[in-house]
J.: 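Please see the structure below; I have some questions.
Ligands are counted one by one from 1 in listed order, and the atoms in each one are counted from 1 as well. Computed from heavy atoms alone, side chains included, the values below leave out hydrogens, waters and symmetry copies.
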Amino acid sequence: MNWSTNVWKQIQPIYNRILNMPFIAELTDGTLPKEKFKFYMAQDSHYLEHFGRSLSLIASRIENINDTLTFIRFAEGAIVVENALHESYFKDFNLTDKGSMQPSCHHYAHTLKSTATLANIEVAVAAVLPCFWIYREVGHYITTNLKSVNNPYQKWIDTYGGEEFNTLVEQAIKITDRLALNCTKAQQNLMTDAFITSSHLEYQFWDGAYNLRTW
Ligand SMILES: Cc1ncc(CN)c(N)n1
């Protein structure tokens with residue numbers, strides 16, 4: 001079994017907790033209160049900047065030059081494409097000030113940046129993978145279970161449930177599995193730990209937004 005299949009199995013309890021979060025249920029049926037989505041979008045805009053920086057750090061450190069190019073494109077996707085979605089919601093919701101980073105976002109963003117800088121490269125790559133993979137799965141899940149035709153969060157759902165994002169996710173999984181193949185079992189375990197930690201932080205990010213958690 002390749003590394004990614006194995007680690008995805010390991011995070012099933014966390015993934016199922018995510019699917020059962022009120023944030024996801026209400027995003028699916030379009031009833032998520034606007035103030036919670038606005039909080040989430042503002043925090044996510046901060047997150048995407050730091051995520052993009054983490055991807056750029058990985059791009060500069062990863063050995064294979066084609067992987068460097070792929071991670072540069074991932075960084076651009078986060079900073080330009082994904083953030084454009086946020087900008088459009090800022091307009092829709094008259095949000096002008098995104099405020100400062102709050103605990104869940106701060107913890108996740110800085111964990112990724114320090115891992116991308118200081119950890120072995122395969123661990124850094126494993127740490128960013130849930131940011132791709134969990135969002136794709138949640139996007140697909142919501143698309144399949146969509147309950148409302150006029151869902152105000154449709155643009156978000158279409159972005160993460162769509163084909164363009166899926167292509168990026170496939171590339172990220174493939175690179176991570178290739179790196180894992182050249183690792184010892186001990187190194188693979190560190191990759192798994194990083195993947196699990198980021199999966200918990202994905203849960204915390206949505207939970208922080210739903211509860212409008214501030215310092
Ligand atoms: C917190 C979080 N994690 C992941 C994604 C998808 N790149 C995101 N926009 N925000």
J.: Looking only at N/O atoms, are Asp44 and ligand 1 under 3.5 Å apart anywhere?
T.: yes

J.: Can you tell me which residue pairs pass the salt bridge (charged side-chain N to carboxylate O under 4.0 Å, His left out) test with a partner in residues 59-83, sequence neighbours excluded?
T.: Asp67-Arg178

J.: Return a yes/no value for Glu202: is any of its N or O atoms, backbone included, closer than 3.5 angstrom to an N or O of ligand 1?
T.: yes

J.: Is it true that Arg53 and Glu49 make a salt bridge, defined as a side-chain N closer than 4.0 Å to a carboxylate O?
T.: yes

J.: For Lys155, is the NZ atom crowded, meaning more than 12 foreign heavy atoms sit under 6.0 Å from it?
T.: yes

J.: What atoms of ligand 1 come within less than 4.0 Å of a heavy atom belonging to Phe51?
T.: 7 (N)

J.: Is a side-chain donor or acceptor of Thr68 paired with a backbone partner of Ser60 at a separation under 3.5 angstrom?
T.: no

J.: Below 4.0 angstrom from a heavy atom of Glu82, which ligand 1 atoms are there? Numbered from 1 as shown, please.
T.: 6 (C), 7 (N), 9 (N)

J.: Taking everything shown except Glu164 itself, do over 12 heavy atoms lie less than 6.0 Å from its CD?
T.: no

J.: Does atom NE2 of His140 have more than 12 heavy-atom neighbours, drawn from other residues, nucleotides or ligands, at distances under 6.0 Å?
T.: yes

J.: Please say whether Tyr108 places an N or O atom under 3.5 Å from an N or O atom belonging to ligand 1.
T.: no

J.: Compute the minimum heavy-atom distance from Trp206 to ligand 1 and say whether it is under 4.0 Å.
T.: no

J.: At under 4.0 Å between heavy atoms, which part of Ile134 makes contact with ligand 1: side chain, backbone, both or neither?
T.: neither

J.: Starting from atom 4 (C) of ligand 1, find the nearest protein heavy-atom neighbour and note its residue, name and distance.
T.: Tyr135 CE1, 3.2 Å

J.: Going by the atom numbers of ligand 1, which of them fall below 4.0 Å from some non-hydrogen atom of Leu48?
T.: 9 (N)

J.: Do the two ring centres, one from Tyr203 and one from Phe23, sit under 6.0 Å apart?
T.: no

